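See below for the structure under consideration.
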Amino acid sequence: MEQKTIRCAVYTRKSTEEGLDKEFNTLEAQREAGENYIKSQKHLGWTLIPDRYDDGGYSGGTMKRPALQRLLEDVKNDKVDMIVVYKIDRLTRSLLDFAQLIKIFDAHDCSFVSVTQHFNTCDSMGMLTLHILLSFAQFEREVSAERIRDKIAATKKKGMWTGGSVPLGYDVENKKLVVNPEEAKVVRYIFEEYLRCRSEVQVSRNAKEMGYHSKPRKLPSSIEPVNIAFNHAIVNNMLRNPIYIGKIPYKNELFDGLHEAIIPMDLWNQVQELKRLNKGDRFTPSRSVIFTITTGVISLSEVQTEQIGVS
């Protein structure tokens, strides 16, 4: 009887992108171990498929990983019979996700094996062992997350900058926020202009006319950071950001920051009071279609009506 060929796919994962630029990184080490394991099972008909399924910089607590999704699609399309991983937690660290994966594998006659953890999922004891391993993997992930949250909380309570998108008006030097004088002028303009015209939409328009823009950001479609024009949302976020009065927000509390304030407290209070008053009469943009007849051509344009004085 001709031996059945078992098509094997090696799946690798690393939670962070650190070290992935090296010629021989963690993903390569995992794949090499997987390939060697498949070679050791050649007498059983195991053969490696050429496709690579490598997720670098993705947590094992989520299923939203591009390589994993490609692998699952190939499983559903009957292209894979066996999935080889270095450790079970490379595949998932969540018991809930594991149950979903098992359901998909069973439905398409696909199995999986761990190179470093030996168990047989064909019997109840093997499944118990697998669940125990996954329970510890999930516990380890949750403990690590708790430690990170506690560290962030302690850092913010000390008034320290914990990273993220740097707000307009500041630069980061030695992991600390320092005032950018030119950008600080724009921040003060936004706050003062809001008190004058009482409309976030109008403020964004006036800022664009003045040639002002938000802090350059790197977009998915751009290689270099690009200037982003002011809009209603950006202005709204700036007017509500306590960073500008020298505070560090954490949950529902404000802590004295180690950075210098850009906006004086009296200006901040006036803006917040105005936003509170406007909130009760917030406008909802309505759309109307205007038919414009020019040289026999009918063009449609959407016009967004605005209520001046209400943000």
Side-chain angles (χ1 to χ4, degrees), residues 1-138 140-141:
M1 181 182 294
E2 185 178 353
Q3 189 176 49
K4 179 184 177 182
T5 298
I6 299 176
R7 298 161 297 175
C8 303
V10 178
Y11 176 77
T12 67
R13 181 186 65 80
K14 187 178 187 295
S15 298
T16 65
E17 296 182 353
E18 182 181 357
L20 293 182
D21 55 341
K22 296 180 180 178
E23 185 175 351
F24 188 76
N25 53 49
T26 298
L27 298 182
E28 292 294 339
Q30 291 179 42
R31 182 170 180 82
E32 185 177 274
E35 290 177 351
N36 290 335
Y37 188 85
I38 293 171
K39 289 178 182 177
S40 70
Q41 305 298 312
K42 186 177 181 180
H43 62 286
L44 297 177
W46 289 27
T47 180
L48 175 69
I49 64 175
D51 301 73
R52 295 181 66 102
Y53 305 93
D54 304 320
D55 276 325
Y58 289 91
S59 168
T62 176
M63 294 273 282
K64 295 180 180 179
R65 292 172 259 156
L68 177 61
Q69 292 303 316
R70 283 194 297 107
L71 176 59
L72 293 179
E73 283 299 314
D74 287 347
V75 168
K76 294 175 182 177
N77 292 328
D78 193 30
K79 295 180 180 179
V80 178
D81 303 313
M82 178 71 69
I83 298 171
V84 179
V85 293
Y86 184 73
K87 290 175 63 177
I88 290 300
D89 64 5
R90 299 301 88 192
L91 191 61
T92 180
R93 284 178 176 265
S94 167
L95 285 171
L96 186 63
D97 291 344
F98 171 69
Q100 185 177 347
L101 289 172
I102 289 296
K103 185 176 181 180
I104 295 173
F105 295 160
D106 288 346
H108 298 88
D109 296 324
C110 181
S111 303
F112 69 95
V113 65
S114 166
V115 173
T116 58
Q117 297 159 319
H118 302 289
F119 50 82
N120 185 355
T121 57
C122 295
D123 56 39
S124 58
M125 183 57 70
M127 289 301 295
L128 175 61
T129 303
L130 181 57
H131 277 82
I132 291 174
L133 290 172
L134 282 167
S135 295
F136 276 103
Q138 181 169 320
E140 181 183 358
R141 179 175 64 89

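What's counted below: heavy atoms across the whole structure, side chains too, no hydrogens, waters or symmetry copies. Remember, it's a predicted structure, so these values are computed and weren't measured experimentally.
You'll find the side chain of Val84 stays beyond 4.5 Å of the side chain of Tyr11, heavy atoms only. Within the 4.5 Å cutoff, no side-chain heavy atoms of Thr47 are placed close to those of Ile6. Looking only at side-chain heavy atoms (C-beta outward), Thr12 and Tyr86 stay at 4.5 Å or farther from each other. Looking at heavy atoms from C-beta onward, Ile49 lies out of side-chain contact with Val10 at the 4.5 angstrom threshold. Annotation: side chain of Trp46 is not in contact with side chain of Thr5 (no heavy-atom distance under 4.5 Å). The side-chain heavy atoms of Val115 and Val85, taken from C-beta on, include no pair separated by under 4.5 Å. Counting heavy atoms from C-beta outward, Leu27 and Asp55 have side chains that stay 4.5 Å or more apart. Gln41 is not listed as a side-chain neighbour of Ile38, based on a closest heavy-atom distance of 4.5 Å or more.
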Practice task
Check the pair Lys39 / Glu35 against salt bridge (Lys or Arg N to Asp or Glu O under 4.0 Å), numbers first and verdict last.
Solution key: CA-CA 6 Å; Lys39 289 178 182 177; Glu35 290 177 351; 5.6 Å; no
Next item on the list: With side-chain contact (heavy atoms from CB on, under 4.5 Å) as the test, would you mind laying out the steps for Leu44 and Met82 before giving the verdict?
Entry: CA-CA 12 Å; Leu44 297 177; Met82 178 71 69; over 6 Å; no
- Message: side-chain contact (heavy atoms from CB on, under 4.5 Å), that's the test. Do Ser40 and Lys42 meet it? Break it down for me.
- Response: CA-CA 6 Å; Ser40 70; Lys42 186 177 181 180; over 6 Å; no
Walk me through whether Ile83 and Val113 qualify under side-chain contact (heavy atoms from CB on, under 4.5 Å).
CA-CA 6 Å; Ile83 298 171; Val113 65; over 6 Å; no
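For the atom pair Leu68 CG and Thr92 OG1, the distance stands at 8.0 Å (nearest 0.5 Å). To the nearest 0.5 Å, the span separating CG on Asp74 from OH on Tyr53 amounts to 3.5 Å.
A salt bridge links Arg7 with Asp78; the closest basic N to acidic carboxylate O contact falls under 4.0 Å.
Side-chain atoms of Asn25 come within 3.5 Å of backbone N or O of Glu28 as a donor-acceptor pair. The closest donor-acceptor contact from the side chain of Asp81 to the backbone of Cys110 lies at 3.5 Å or more, if one exists at all. Formation of a donor-acceptor pair under 3.5 Å by the Arg70 side chain with backbone atoms of Asp51 is not found in this model.
For Thr26, the side chain to side chain contact (heavy atoms under 4.5 Å, CB included) test picks out Lys14, Gln30, with sequence neighbours left out. Taking Arg90 as the reference, nothing meets the side chain to side chain donor-acceptor pair (under 3.5 Å) condition, with sequence neighbours excluded.
Taking the six-membered ring where the residue is Trp, Phe112 and Phe98 present perpendicular rings, their angle passing 60° and hence far from 30°.
Of the candidates Lys64, Arg65, Met63, Glu17, Arg65 is the only one forming a side-chain contact (heavy atoms from CB on, under 4.5 Å) with Tyr58.
Taking every heavy atom of both residues into account, Lys87 and Ser114 meet most closely at CA-OG, 3.6 Å.
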